[in-house]
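Okay, so here's the structure we're looking at.
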Amino acid sequence: MPRLQRIFQDKPFLHLIDQGERLVAKLLAVMLFLVLVVAALKFSVQLAFQLVNPAVRWEGEGLIAVLGDLLNLLIAIEVLQNITSYLRRHVVQIELVLLTAITAVARKVIVLPPYAENKPLLVVGLGVAVLCLAAAFWMVRQVHEREVRELEH
């Protein structure tokens, strides 16, 4: 019983939770890395077959599909960078999270289906999301730059 009480004291308990968080982050990083490798290989093989197939049309929806898949891979890489950054610095870097979100919204805008302009709420919602994310990123960047300037002086 005394051992259990020691574990639930603040310092040992927080240390245990921190170790658990780091273990989960490492497991997620390994799994995401494996998914990224498989997805990149699959994307490369599909793209190679499409490049040699004269029936594939590269304008319009064909190009949009390739860009969507490529941006999905880039978003996954950014998420992996978020995880590894957390493991290095023990903090979630909000700038990276916001950049990932901006990339995800940009991907959504790029791969909008034809006639999306007939869905005004979708277009307005994406516009609001872009503005909010850009404003949040700008504010975080301003705070970061101010902190850097204060450290230099």
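Quick note: numbers below take in every heavy atom, side chains included, and nothing from hydrogens, waters or symmetry partners.
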Is Leu122 close to Leu112 at the side-chain level, that is, under 4.5 Å between some pair of heavy atoms? yes

Under a single-linkage definition using a 4.5 Å side-chain heavy-atom cutoff for Ile, Leu, Val, Met, Phe, Trp and Tyr, are Val35 and Leu27 assigned to the same hydrophobic cluster? no

Please report the interatomic distance CD1(Ile77) to OG1(Thr84), rounded to the nearest 0.5 Å. 11.5 Å

Report all side-chain donor-acceptor pairs from residues 88-106 shorter than 3.5 Å, counting only partners two or more places apart or in another chain.
unit_1 : atom_1 : unit_2 : atom_2 : d
Arg89  : NH1    : Ser85  : OG     : 3.3
Arg89  : NH1    : Gln93  : OE1    : 3.2
His90  : ND1    : Arg22  : NH1    : 3.0
Gln93  : OE1    : Ser85  : OG     : 2.5
Glu95  : OE1    : Arg141 : NE     : 3.2
Glu95  : OE1    : Arg141 : NH2    : 3.2
Thr100 : OG1    : Glu78  : OE1    : 3.4
Thr100 : OG1    : Asn82  : ND2    : 3.3
Thr100 : OG1    : Leu96  : O      : 2.8
Thr103 : OG1    : Glu78  : OE1    : 3.2
Thr103 : OG1    : Glu78  : OE2    : 3.1
Thr103 : OG1    : Leu99  : O      : 2.9

Would you indicate whether the side-chain heavy atoms of Val38 and Leu34 approach each other to under 4.5 Å? no

What distance separates His144 NE2 from Arg149 CZ, expressed to the nearest 0.5 Å? 10.5 Å

Do Val128 and Phe137 land in one hydrophobic cluster if side-chain heavy atoms of ILVMFWY residues count as linked below 4.5 Å? no

Minimum heavy-atom separation for Ile83 and Ala25, please, with both atom names. CG2-O, 3.3 Å

Is there a side-chain contact (heavy atoms from CB on, under 4.5 Å) between Ile17 and Glu21 once you walk through the steps? CA-CA 6 Å; Ile17 294 296; Glu21 284 178 357; 4.0 Å; yes

Check each of Leu51, Val45, Leu47 against Phe49 using the side-chain contact (heavy atoms from CB on, under 4.5 Å) test, and report the only one that passes. Val45

About how many Å separate CG of Leu74 and CG of Leu70, when rounded to the nearest 0.5 Å? 5.0 Å

To the nearest 0.5 angstrom, please state how far the CD atom of Glu147 sits from the CG atom of Leu151. 7.5 Å

Rounded to the nearest 0.5 Å, how far does NZ of Lys42 lie from CG of Asp69? 8.5 Å

Would you say CZ of Phe33 has more than 12 non-hydrogen atoms from neighbouring residues, nucleotides or ligands within 6.0 angstrom? no

same_hphob_cluster(Leu73, Leu41) at 4.5 Å side-chain heavy-atom cutoff: yes

Testing the basics here: between Ala76 and Leu36, what is the closest heavy-atom pair and its distance to 0.1 Å? CB-CD2, 3.6 Å

Between Leu28 and Val37, is there shared hydrophobic-cluster membership here, with clusters defined by ILVMFWY side-chain heavy atoms closer than 4.5 Å? yes

Gap between atom CG of Leu80 and atom CE of Met31 - 0.5 Å precision: 11.5 Å

